**Student:** 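Can you read through this structure? Questions will come right after.
This is a predicted model, so every value here is computed, not measured.
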Amino acid sequence: MIDVSRNFGYVELPHPADVALKFWGDNFLYFYKAALEGLYQLCGMEVDECYQSIRVSLNIPCEQMEMTLVNFLNEVIFMLEGGHAFFISHITREQDCIWFHGEQKPVRKLNRSVKAATFSELEIRKYANYLEAVIVFDI
């Protein structure tokens, strides 16, 4: 059940082979923040607060919403494999791309490796007050 009293949220769903995550946000920023928080929860990720964060921006080509979401999450998964987590502060959109601005922090611990975000069962739904998606991660 979605709690739309919060700006965003996520819940892990049962899946026969991989891991599925349902998430929602009341705008694009919170939609992507929910996807990140859910991914980090699935991984059991902990950041190392002993180090200072670095400001970074990710540039993702702006195609179909589903393709942009999968490309963004796979870029973040690649960063996790390199020992870094990304936290969004704001999003800007240009004609052909979306810029995700935020901070990069070193990862102290990962309990589970996620290989990739997939298009399996992916559909982004727009409602009056929020966006919602279910995404399956390959583990």
**Student:** Got V136 and L13 here, is their nearest side-chain heavy-atom distance under 4.5 Å?
**Tutor:**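 Side-chain contact under 4.5 Å: no.
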
**Student:** Tell me, with the steps shown, if F8 and L29 meet side-chain contact (heavy atoms from CB on, under 4.5 Å).
**Tutor:** CA-CA 9 Å; F8 64 96; L29 176 62; over 6 Å; no

**Student:** Quick one: CZ on F100 to CD1 on I91, what's the gap to the nearest 0.5 Å?
**Tutor:** 5.0 Å

**Student:** If you draw a 6.0 Å radius around CG in N129, do more than 12 non-hydrogen atoms from other residues or ligands fall strictly inside?
**Tutor:** no

**Student:** For Y32 and L69, run side-chain contact (heavy atoms from CB on, under 4.5 Å): C-alpha distance rounded to whole Å, both residues' side-chain angles, the deciding distance at 0.1 Å, then the answer.
**Tutor:** CA-CA 8 Å; Y32 279 95; L69 174 63; 3.7 Å; yes

**Student:** For residues 80-89, please give each side-chain donor-acceptor pair under 3.5 Å, one per line with the distance, not counting sequence neighbours.
**Tutor:**
{"from": "H84", "atom 1": "ND1", "to": "Q104", "atom 2": "NE2", "distance (Å)": "3.2"}
{"from": "S89", "atom 1": "OG", "to": "H101", "atom 2": "O", "distance (Å)": "3.1"}

**Student:** Out of curiosity, does Y127 fall in the hydrophobic cluster containing V134 (side-chain heavy atoms, cut-off under 4.5 Å, transitive links)?
**Tutor:**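 In one cluster: yes.
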
**Student:** Residues two or more places apart in sequence or in another chain: which of them pass salt bridge (charged side-chain N to carboxylate O under 4.0 Å, His left out) with R93?
**Tutor:** none

**Student:** Kindly work out whether a path of hydrophobic side-chain contacts (I/L/V/M/F/W/Y, heavy atoms less than 4.5 Å apart) joins I54 to L36.
**Tutor:** yes

**Student:** Suppose we screen for side-chain hydrogen bond (donor to acceptor under 3.5 Å, both in side chains). Which residues come up paired with E121, at least two apart in sequence or across chains?
**Tutor:**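 side-chain hydrogen bond (donor to acceptor under 3.5 Å, both in side chains) list for E121, sorted by chain: H15.
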
**Student:** Take K33 and N7 through the side-chain contact (heavy atoms from CB on, under 4.5 Å) test and state the conclusion after the steps.
**Tutor:** CA-CA 10 Å; K33 280 187 173 194; N7 293 72; over 6 Å; no

**Student:** Could you check whether atom CZ of F119 has more than 12 heavy atoms from other residues, nucleotides or ligands sitting under 6.0 Å from it?
**Tutor:** yes

**Student:** Under the salt bridge (charged side-chain N to carboxylate O under 4.0 Å, His left out) test, which residues partner R108, sequence neighbours left out?
**Tutor:**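 E46.
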
**Student:** Specify the closest pair of heavy atoms between G9 and A34, including all atoms of both residues, with the distance to one decimal.
**Tutor:**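 G9 and A34 have their closest heavy atoms at O-CB, 3.3 Å.
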
**Student:** Looking only at non-hydrogen atoms, find the nearest pair between A133 and I124 and report the distance.
**Tutor:** CB-CG1, 4.0 Å

**Student:** List the steps and the verdict of side-chain contact (heavy atoms from CB on, under 4.5 Å) for T118 and D18.
**Tutor:** CA-CA 10 Å; T118 72; D18 294 311; 5.7 Å; no

**Student:** Measure across L21 and L39 and return the closest heavy-atom pair with its distance rounded to 0.1 Å.
**Tutor:** CD2-N, 3.9 Å

**Student:** Is any side-chain heavy atom of I77 closer than 4.5 Å to one of F137?
**Tutor:**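 Result yes, sub-4.5 Å side-chain heavy-atom pair found.
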
**Student:** Apply side-chain hydrogen bond (donor to acceptor under 3.5 Å, both in side chains) to E103 and list each qualifying residue two or more places apart in sequence or on a separate chain.
**Tutor:**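 Only S53 meet the side-chain hydrogen bond (donor to acceptor under 3.5 Å, both in side chains) criterion with E103.
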
**Student:** Which pairs count as side-chain hydrogen bond (donor to acceptor under 3.5 Å, both in side chains) when at least one residue sits in residues 66-75, sequence neighbours excluded?
**Tutor:**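 Every pair satisfying side-chain hydrogen bond (donor to acceptor under 3.5 Å, both in side chains) with a residue in residues 66-75: there are none.
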
**Student:** Nearest 0.5 Å please: distance from the CG atom of L110 over to the SG atom of C43.
**Tutor:** 5.5 Å

**Student:** Just verifying a value: how many Å separate D138 CG and S113 OG, rounded to the nearest 0.5 Å?
**Tutor:** 9.5 Å

**Student:** May I ask whether M67 and L73 are part of the same hydrophobic cluster, defined by side-chain heavy atoms of I, L, V, M, F, W, Y residues being less than 4.5 angstrom apart, directly or through others?
**Tutor:** yes

**Student:** Mind checking side chain to side chain contact (heavy atoms under 4.5 Å, CB included) for Q52 and listing every partner two or more places apart, or none if nothing turns up?
**Tutor:** none

**Student:** Hey, any chance I139 and M45 share a hydrophobic cluster, counting ILVMFWY side chains that come within less than 4.5 Å of each other, even indirectly?
**Tutor:**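 Looking at the clustering, M45 is in the same group as I139.
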
**Student:** Less than 4.5 Å apart, any side-chain heavy atom of M65 and any of L131?
**Tutor:** yes

**Student:** My understanding is that only residues two or more places apart in sequence, or in another chain, count here; which of them pass side-chain hydrogen bond (donor to acceptor under 3.5 Å, both in side chains) with E94?
**Tutor:**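 For E94 the side-chain hydrogen bond (donor to acceptor under 3.5 Å, both in side chains) partners, ignoring immediate neighbours, are W99.
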
**Student:** Mind listing the closest non-hydrogen atom pair of A117 and V70 along with its distance?
**Tutor:**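 For A117 versus V70, the nearest heavy atoms are O-CG1, 3.6 Å.
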
**Student:** Using the test ring-ring contact (aromatic ring centres under 6.0 Å, His included), find all partners of F31 that sit at least two apart in sequence or belong to another chain.
**Tutor:** F23

**Student:** Could you check whether atom CD of Q41 has more than 12 heavy atoms from other residues, nucleotides or ligands sitting under 6.0 Å from it?
**Tutor:**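 For Q41, atom CD is not crowded (no more than 12 foreign heavy atoms under 6.0 Å).
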
**Student:** Flag the pair V47 / Y40 as yes when at least one side-chain heavy-atom distance between them is below 4.5 Å, and no otherwise.
**Tutor:** no

